[in-house]
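Order of the sequence lines sets the chain letters (A, B, ...), proteins ahead of strands, with each chain counted from 1.
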Amino acid sequence: MGDDFVISEIEKDYIKSLLEQKKRIDGREFNQARNVEFELNLVKKAEGSAIVTLGGSKLIVGVKAQLGSPFPDTPDTGVITTSAELSPIASPYFESGPPSNDAIELARVTDRAIRESHCVDLSKLCVIPKKSVWILFIDFYILNHDGNLFDAAVIGAVAALATTKIPKVKMLEDDEVEILEEVEPLKIEHYPISVTSYKIGEYNIIDANFKEERVSEARVTVGFDEKDRIVSLQKGATGVYKPDELLAVIKESLNVSKTLRKELMKALS
Amino acid sequence: MGDDFVISEIEKDYIKSLLEQKKRIDGREFNQARNVEFELNLVKKAEGSAIVTLGGSKLIVGVKAQLGSPFPDTPDTGVITTSAELSPIASPYFESGPPSNDAIELARVTDRAIRESHCVDLSKLCVIPKKSVWILFIDFYILNHDGNLFDAAVIGAVAALATTKIPKVKMLEDDEVEILEEVEPLKIEHYPISVTSYKIGEYNIIDANFKEERVSEARVTVGFDEKDRIVSLQKGATGVYKPDELLAVIKESLNVSKTLRKELMKALS
Amino acid sequence: MAGDGTVQLIDEKGKRLDGRNFDELRPISIKIGVLENADGSAEIRMGNNIIIAAVYGPRELHPKHRALPDRALIQCFYRMSTFSVNDRKSPAPSRREKEISMIISNALTSVVFTEKYPRTTIDVYLQVLQADGGTRCASLTAASVALADAGIPMRGLIASVAGGLINDKVVLDLYDIEDQKGSGDVPLGYCPVLDEISLVQLDGVFTLEQFEECLKLSIKGATEIYDIQKKALQDKYAAIRADVSVDAKETKKEVKPKEEPKAEIKEESQAVKEEPKEAIKVAPKPEIKAKPKEEPKTEVKEEPQAVKEEPKEAVKVAPKPEIKAKPKEEPKAEVKEEPQPEIKDEKEAK
Amino acid sequence: MAGDGTVQLIDEKGKRLDGRNFDELRPISIKIGVLENADGSAEIRMGNNIIIAAVYGPRELHPKHRALPDRALIQCFYRMSTFSVNDRKSPAPSRREKEISMIISNALTSVVFTEKYPRTTIDVYLQVLQADGGTRCASLTAASVALADAGIPMRGLIASVAGGLINDKVVLDLYDIEDQKGSGDVPLGYCPVLDEISLVQLDGVFTLEQFEECLKLSIKGATEIYDIQKKALQDKYAAIRADVSVDAKETKKEVKPKEEPKAEIKEESQAVKEEPKEAIKVAPKPEIKAKPKEEPKTEVKEEPQAVKEEPKEAVKVAPKPEIKAKPKEEPKAEVKEEPQPEIKDEKEAK
């Protein structure tokens, strides 16, 4: 991510020569994701939150819920909105300033996985049709960047949503709504998992770390639901895929998604 | 203000050596502010306005009043909002573009003096609780920068507020409000004055001009009300103060504030 | 996708609401060289989409530290005109526009010989004048020929079209309502000469089999579009040559040297050896009305009742999170502070 | 200050709503070295504040023309997470955040030997994960130890805490509600070793005597915080040394050279000769839970009735300058031009 970092040619060659021997710099298999860990509900001021680490990549996701008006064309459904900040805290290569294209892509790819999987049933977020619905703000801050923020972001967002508790409301007259102290958990309908595959030379490897990501020419992030359906996909960077190669990569990613989903469900149970 | 201007070492040494002889480059005493002058109500399209000159520093302040919704947590008070622009018109060292940190600090320090002194009784700006209140926009444009814009900004803001006339309103049905032609003066409850002291070496001088400001290592802007209470304070720049030194500077500033307030009241009478 | 698959978008005869078959493109026309100042330009119409692509460069990049020491940077700026959608779009660039700019730029980078122009930028401006679904694909198709028009050497042309899922059927080239109410969408950028996928995204819900079918259909569609791109380029240069021979007698029009045919597409495949080499003498208007297969009805005769919603590419009205009473938290501020395009943006889903 | 001093914040026994005495700090814990990539880092918890500080540098400054020929530039970036406050904060940096960044940067500059690193930048990132009043002070405290963790030579550590006025009494370390409803607030950055004030602001209404009392109380509080800072640094290096000796046997963990103790704090005073020089062997977790005096209750047992308002650090709702009828002048357009965050910003008062 980002064009500003020039990896040394030596390092690039080293990573590639290892791949030729079917090895990765951190000893993983080509199709092996890194360990994922969760710390849930740290931020009490958020309705839901999770710190997720995927190998050395670490981010915090907060979910804030607020009442607001629905979109006029979907008067009886709630709203989800996602933003990401690649804070300079996370890497010497990030700069402060307005959201970079990388941050925008990260937020939008994550949003797509959450939205298209129908992870949350937006119709249940409706309080008064046309007047008042819950808006869920899913905001990420990257704390440490060690590659493949995409999969960390999606799994972190789902984890944060799964910890989210929405206040109950009481109807008053005149379509006024009182927000009560009592809360109830947000129901998660589907658990999308995204798996990103990185292409280096002729090789496709799962869940690149920072150095691998830097030398990769292309990536494909695929979101799967628990029924193994594809719910989102994004090819990133300037490299290309042959059609058959793309299909093979998607199938490999599907397998990895099952492992990651198991880890997520274990953490949430 | 700003790190981008490098004053010549020669000039710096000259100013410092004069201070050792208890002299300032423009002949003032250490605790002597420059002359202040006002030109009131120049801008007819604003509800209030003032051009103020403090020595060579000159700025224009306009007050615009508009009806709007109150903040929900203060449903029965009006709103004041302050902004400043260090326009390139004012100095070869200002650049156009989004507000600089210097402009932000200037606006926020001024805002603090106005707000904390309760210069305007915001509850009197309420038209219909929860629905409609007056919002006062206080906007500055610096026309000429010759140091210590802070004190000029605060005294200019109070002067502009003191000239402000708010339209009368008529209640219609359904909480609608009609704005009438007739106006009434905004009542000023307190007259805050800020005095800024600049530290150069071991010396603290009041109301630095441009050159003095450039060689100073620290400054303290203190706002006082007419009961000699401190209502705002901001230490600026990277220099530091000993606790006793800070207290001494504040006492000196208090005396100067009385002189400046006299000038203001004379102009307003 | 906003749709849940319940809206009927295919009739009992297997026809879509605009009369097309499942594997049929909308009518496409491409004009090359529509702008004077640009180094290369193209206008594409694809269904009711109208998009202009302009290329400037290679030229010096500012700020210089962003320049790449070994190759050209390709910068894309995809923008929707405020009047291009049913609701006026905010003039500020949305996150959606930025993302699309980036993926189009990535795709183009894969085919341009960027190493020929180190430390420069090639700027590609894409202005959507009217949107009808699939604007990113149409933009990429247009950008590709505009680069050729600018004389930028390329490994091949990229043709782009979306496949999608409506009523659980895989179809080609989603338009507005299908884009809105269908259950899946896969924009694809494909270079037929190289058999390379340079852009692919997905939203919706697909089985692996559906995805594979969709991919094949889009590749077929892209290959048809590629023929239209080639024809447009041929016609442009034919027209220039015709002009030149006319000018030789009349000297009425100024012949700009930059108008000389310059598309230097080094295609590595045999398939495109039929690059325009002999001048076609007539071709008065270099506009190609490609009508693949039968004439599809471009206008929907009757808006189906069920489909009142705005097109997906329209900018939605931001929800106003006003709280009527006793807010636990203040919600107004949030959404107001939230740059509105961001919310609208999200609402658009892609 | 939003408060007018009428809300009862101290009970008849002189206890504050969270159970603290007037001169008592909230519980403070500081962890050093919490982030992998940063050159130095720290997490501070102070009451319910949770803040992460990361230091990168000294490193090259871009753009270069901003570099100082004779010393390092210290750039601070204080940012509130959107979810750190009761109402979601806009992701865009507010004027408040910019001002606080600047004053923290000024304070740190006063203690760092910047002349050792001409033409470089030392970047200090401060991310507020949860806000509970006094975030600027907690941030400065954390930034100070993060600089030490990064091995930046300093004249001394800055400890920071606010004094304030509630119910006309001077108290130490205002938290959320006190910050909101109190009648005065004086954030102070103080270096005990040097007896120097490097950050001071005020809002509210103070007599000269009250200000002086407040200053003394904050200096006392800062001195306590300084002890916690030192302990956290000691423990970090003790833990590393313990790790190193374990590793010598087990060779299980990779010992990174950058983790070597490097805090080179050249304090000019005798007072801090007890800098960690001998390794403490155990210290398994470099987390310090400092509980000054008695354990204060960090949670307010019952929200006092009178205090419905949002905390000051929450982002307020922007006033919507809607005109209901017959505007004398057209004001809407103007207000729209006013960047909205600016307005909200102002509402926060500091």
### Task
Determine, step by step, whether D:Lys98 and B:Arg108 satisfy the side chain to side chain contact (heavy atoms under 4.5 Å, CB included) criterion, reporting the C-alpha distance in whole Å, the side-chain angles of both residues, the deciding distance to 0.1 Å, and the verdict.
CA-CA 11 Å; D:Lys98 288 177 182 167; B:Arg108 285 178 57 84; over 6 Å; no
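- Residue D:Glu212 holds its CD atom at 9.0 Å from CD1 of B:Ile250, rounded to the nearest 0.5 Å.
- Taking CG of D:Asp185 as the reference point, atom CD of B:Glu116 lies at 9.0 Å (rounded to 0.5 Å).
- Residues B:Asn101 and D:Glu99 fail the side-chain proximity criterion, which asks for heavy atoms closer than 4.5 Å.
- Of all heavy-atom pairs spanning D:Asp195 and B:Lys242, the tightest one is O-CD, 3.2 Å.
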### Message
Working note: B:Val231 + D:Val205, criterion side chain to side chain contact (heavy atoms under 4.5 Å, CB included); need CA distance, chi angles, decisive distance, verdict.
### Response
CA-CA 5 Å; B:Val231 297; D:Val205 179; 4.0 Å; yes
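- For chain B, the nearby part of D:Ile219 is the side chain; its heavy atoms alone come within less than 4.5 Å.
- At most 12 non-hydrogen atoms from other residues, nucleotides or ligands lie less than 6.0 angstrom from CG of B:Asp244.
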### Task
May I have the step-by-step check of side chain to side chain contact (heavy atoms under 4.5 Å, CB included) for D:Leu208 and B:Asp228, ending in yes or no?
CA-CA 8 Å; D:Leu208 272 181; B:Asp228 296 347; over 6 Å; no
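- Contact annotation for D:Phe211: only side-chain heavy atoms (C-beta onward) come within less than 4.5 Å of a heavy atom of chain B.
- Listed options D:Ile74, D:Leu199, D:Leu215, D:Thr207 were ranked by heavy-atom pairs under 4.5 angstrom with chain B; first place goes to D:Leu215.
- Across all non-hydrogen atoms, the minimal contact from B:Thr238 to D:Ser110 is O-CB, 3.2 Å.
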### Task
Output, in order, the C-alpha distance, side-chain angles, deciding distance and verdict of side chain to side chain contact (heavy atoms under 4.5 Å, CB included) for B:Leu233 and D:Val200.
CA-CA 7 Å; B:Leu233 186 151; D:Val200 55; 3.7 Å; yes
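- Residue B:Lys251 touches chain D through its side chain alone, counting heavy-atom pairs closer than 4.5 Å.
- Atom CG of D:Leu188 and atom CG of B:Leu246 lie 8.5 Å apart (nearest 0.5 Å).
- Taken from CG in D:Asp203 to CD1 in B:Ile230, the straight-line distance is 12.5 Å, to the nearest 0.5 Å.
- The pair D:Glu209-B:Arg229 fails the salt-bridge criterion, with no side-chain N (NZ, NE, NH1 or NH2) lying under 4.0 Å from an Asp/Glu carboxylate O.
- Closest non-hydrogen pair, D:Leu202 versus B:Arg112, comes out as O-CD, 3.7 Å.
- B:Lys235 places a side-chain N or O within 3.5 Å of a backbone atom of D:Ser198 that can act as its donor or acceptor partner.
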